[in-house]
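Please read the structure below before turning to the comments.
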Amino acid sequence: MTLSANRTRALALGFFAFVAVFAVIVWYLVRPYGTTYFFPVHFLAGLGLPFLIYAIGANRLWFWLGMAVTAALLVWLNFWGHEASGMAPRTVDWTQFGGGALGLVLAAGVHFLYNRVRPPHRASIGR
C-alpha cells in the first residue's frame with residue numbers, strides 16, 4: 001500500500017463520515033414529518049455512499065463501483081423502500097429521485113476535483 005493510497009482512503013472515509021453525520025441529523029429532523037420529506041436524505045446518501053466503497057480500493061474503478069452500487073440502492077429505496085418498514089413512501093416520489101441523482105452528480109464532481117487537485121503519483125527513485 002502506498003502512502004497516497006492510504007491518504008486517499010483516509011480522505012474518502014473522512015468525507016463519507018462527514019456526510020453521514022449530516023444525513024443522520026437531517027433524517028432525525030425530517031422523520032416526524034413523514035417519508036415525503038426524505039429527499040435531502042437521498043441527496044446526502046447519493047453524495048456520501050460512493051466514497052465508502054471508494055475507500056476500499058482507493059482507485060477510480062472502486063469509485064465508479066461505488067457510484068453504481070449507490071445508484072442501485074437509491075433505485076431500490078425509491079421503488080421498494082416502502083416494503084422495508086416504511087423507509088420510503090408507497091408512491092414513487094420524483095423529488096427523492098432528483099435528490100439522489102443530484103447527490104451522485106456532486107459525488108462525481110468531488111471525485112473529479114480531488115483527482116485534479118492532488119499531486120500525481122510518481123516514483124521518487126530513479127529521477
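Predicted model only: the values in this text are computed from it and were never measured.
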Co-membership, hydrophobic cluster, residues [X] and [Y], 4.5 Å side-chain:
X: L47; Y: F112; result: no
X: F18; Y: L11; result: yes
X: Y33; Y: F22; result: yes
X: V105; Y: F51; result: no
X: V24; Y: V26; result: no

- The side-chain hydrogen bond (donor to acceptor under 3.5 Å, both in side chains) partners of N115 (sequence neighbours excluded) come to H111, R118
Residues that [X] engages under ring-ring contact (aromatic ring centres under 6.0 Å, His included), provided they are two or more places apart:
X: Y114; result: none
X: F43; result: none
X: F16; result: none

Could you tell me which residues satisfy side-chain contact (heavy atoms from CB on, under 4.5 Å) with [X], sequence neighbours excluded, listed by chain and number?
X: A23; result: L44
X: A10; result: none
X: I25; result: V21, L29

Looking only at non-hydrogen atoms, find the nearest pair between [X] and [Y] and report the distance.
X: P50; Y: L104; value: CG-CD2, 4.1 Å
X: L13; Y: A55; value: CG-CB, 3.6 Å
X: A107; Y: G46; value: CB-O, 3.8 Å

- Task: Share the residues that join W62 in a hydrophobic cluster, the rule being Ile, Leu, Val, Met, Phe, Trp or Tyr side chains under 4.5 Å apart at the heavy-atom level.
- Result: I53, I56, L65, V69
- The reported gap from CG in L73 to NE2 in H42 (rounded to nearest 0.5 angstrom) is 9.0 Å
- Query: How many angstroms lie between CG in L61 and CZ in F63, if you round to the nearest 0.5 Å?
  - Reply: 12.0 Å
- So side chain to side chain donor-acceptor pair (under 3.5 Å) across residues 50-60, not counting sequence neighbours, yields none
- Going by the side chain to side chain donor-acceptor pair (under 3.5 Å) test, which pairs reach into residues 97-107, not counting sequence neighbours? none
- So, F97 versus F79, ring centres under 6.0 angstrom or not? yes
